[in-house]
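For reference, the structure is listed below as structure tokens.
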Protein chains: 2
Amino acid sequence: MGTKEHIMDAAMRLFAEKGFEATTVRDISTLADVNVALINYHFGSKEGLLQTIIETRAKLMQVRIKEISENTQLSEIEKINLIIEHYVEKFFTHHAFHKVIIFELFSSSRESLHQDTLNIFSGNSKIVESIINSGIKKKIFSEVDSAFCFSSMIGPMHHIMHSKTLRIKLFGGDKETDPILEPLFKQRVIKHIQHMMKNHLLAEK
Amino acid sequence: MGTKEHIMDAAMRLFAEKGFEATTVRDISTLADVNVALINYHFGSKEGLLQTIIETRAKLMQVRIKEISENTQLSEIEKINLIIEHYVEKFFTHHAFHKVIIFELFSSSRESLHQDTLNIFSGNSKIVESIINSGIKKKIFSEVDSAFCFSSMIGPMHHIMHSKTLRIKLFGGDKETDPILEPLFKQRVIKHIQHMMKNHLLAEK
DNA sequence: CCTATTATTAAACATTTGTTTAATTTTAAA
DNA sequence: TTTAAAATTAAACAAATGTTTAATAATAGG
């Protein structure tokens, strides 16, 4: 791994753990085991580093969701199930990154970054919304409040994934082992959210 | 309102908007229109101010939820519906506060405060879990994954309430008016989450 | 009215912050 | 091997941070 990627990796972990402001450039350089000045040399500024991190990975996210939504072979409920599966997968593999972007969505200190994350979230939400509206039109789904559905799919995920200590208190046996490491846990999350969405969408009015 | 409450109010708004670290004591003193030194005089430190804010309001939260859970007059589904209603009410009246404590739950910089918020969340989660397990035992509820249910109730709420810009993009007509101000919006949130939980809990297996 | 406690102020404090500089090393192409 | 560009380093920088100090004002009990 090159120096740039090395710095980005260390920074992402620290941003996820402590937040952007609470993380100092010296924290990052220490963890990455490089000189402090390299951060400004490679990324211009601390904020530029965050921007690079987000830009690098964010673009990959939207592609797959669009793919699913535009696949004419799939029924509406199959699309929803696939999107849930895809989101949970990404959450498990890159949960530090997801924590970082939700921080940016919820705070509004850095205007341009906030706009970037806002567009990602609202874009995906609109896609889910239109899938559900299509299902409602076809009378497959009951007349749910489709604008809320994206938040209902990923809100629970955020709640579970972003606090390790809460996760351990709710799901973990002993105090040290994070349930996220158990191979079955991911399937359990997928199953729960899919079950919830299915019964929400297919329920009689 | 006394000076202390005045400072706490200003601080809470800024902490919610920008986060704890990004908010300076001078930001707070300016908004509250008091001298900077008063923050340390009244609260010892910036962190002491946050701690006081959380301690003051957090205790009120748990009381009502315990009340509901221990009321023998209510069925399990009625309890769930009341807890949802109560949570949404609190979210709408004190959403700056809720944003602050979720920040503390998700970050782990300030150990003792993190423990405080962790106990609040896990405590409430365990209460919801036991209500649902009781419903499952009585064969009223299907065998859902009860440990996830609290997160599924309040996760969507967090997602909607903590980003004003996202809320406007998803629900707002024009760019200026926050849907949170529309009197019907609160009812819409309650209805959506209750519908979701009801159909999740009562669904055939 | 006096006085001792409390509240408020302006100024200064030591640290820490992100960033820059200038010198040095490494890299890679000619 | 030579040489110019890129990468890395240690040191210093100015600005901003939370906090403290010492002086002043306000308050309230006797």
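Quick note on labels: first sequence line is chain A, next is B, and so on, each numbered from 1.
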* Structure fact -> Taken in chain and number order and not counting sequence neighbours, the residues that satisfy side-chain hydrogen bond (donor to acceptor under 3.5 Å, both in side chains) with T3(B) are none

* To do: Please list, chain by chain and in numerical order, all residues satisfying salt bridge (Lys or Arg N to Asp or Glu O under 4.0 Å) with D116(A), sequence neighbours excluded.
  => none

* Asked: Just by distance, with hydrogens left out, do H200(B) and H195(A) show a side-chain donor and acceptor under 3.5 Å apart?
  -> yes

* To do: Measure the distance from CG on N40(A) to P on dA14(D) and round it to the nearest whole Å.
  => 17 Å

* For the pair made of CG in L49(B) and P in dT17(D), what is the distance, rounded to whole Å? -> 16 Å

* To do: Check whether the side chains of Y87(A) and N124(A) place a donor and an acceptor atom closer than 3.5 Å, and report yes or no.
  => yes

* K46(A) side chain to F20(A) main-chain N or O, any donor-acceptor pair under 3.5 Å? -> yes

Polar atom pairs between nucleotides 22-24 of chain C and protein, under 3.5 Å, N or O only, would you list them?
none

* **Length of the line joining E47(B):CD and dT17(D):C1', which is rounded to integer Å** => 15 Å

* Asked: Does a sphere of radius 6.0 Å around NZ in K18(A) hold more than 12 heavy atoms from other residues, nucleotides or ligands, not counting ones at 6.0 Å or beyond?
  -> yes

* Structure fact -> Rounded to whole Å, CD1 of I7(A) lies from C1' of dG18(C) at a distance of 15 Å

* To do: Specify the separation, in whole Å, of atom CZ of F15(A) and atom C1' of dG18(C).
  => 12 Å

Between the protein and nucleotides 4-10 of chain D, list every N/O to N/O distance that falls short of 3.5 Å.
| from | atom 1 | to | atom 2 | distance (Å) |
| --- | --- | --- | --- | --- |
| dA7(D) | OP2 | Y41(A) | OH | 3.0 |
| dT8(D) | OP1 | T3(A) | OG1 | 2.9 |
| dT8(D) | OP2 | H42(A) | NE2 | 3.1 |
| dT9(D) | OP2 | N35(A) | N | 3.1 |
| dA10(D) | N7 | N35(A) | ND2 | 3.4 |

* Heavy atoms, side chains only, cut-off 4.5 Å: are F150(B) and E129(B) in contact? -> no

* Between residues 16-31 of chain A and DNA chain D, which residues have a heavy-atom gap below 4.0 Å? -> R26(A)

* Structure fact -> Here the ring pair (Phe, Tyr, Trp, His ring centres under 6.0 Å) pairs for residues 100-119 of chain B, sequence neighbours left out, are F103(A)-F103(B), H162(A)-F106(B)

* Heavy-atom side-chain contact between I131(A) and I83(A) under 4.5 Å -> yes

* Would you call R64(A) and E67(A) a salt bridge, using N to O less than 4.0 angstrom? -> yes

* Take the protein atom NZ of K46(A) and the nucleotide atom P of dT19(C), then report the distance between them rounded to whole Å. => 8 Å

* Does S125(A) reach the main-chain N or O of F121(A) with its side chain, forming a donor-acceptor pair under 3.5 Å? -> no

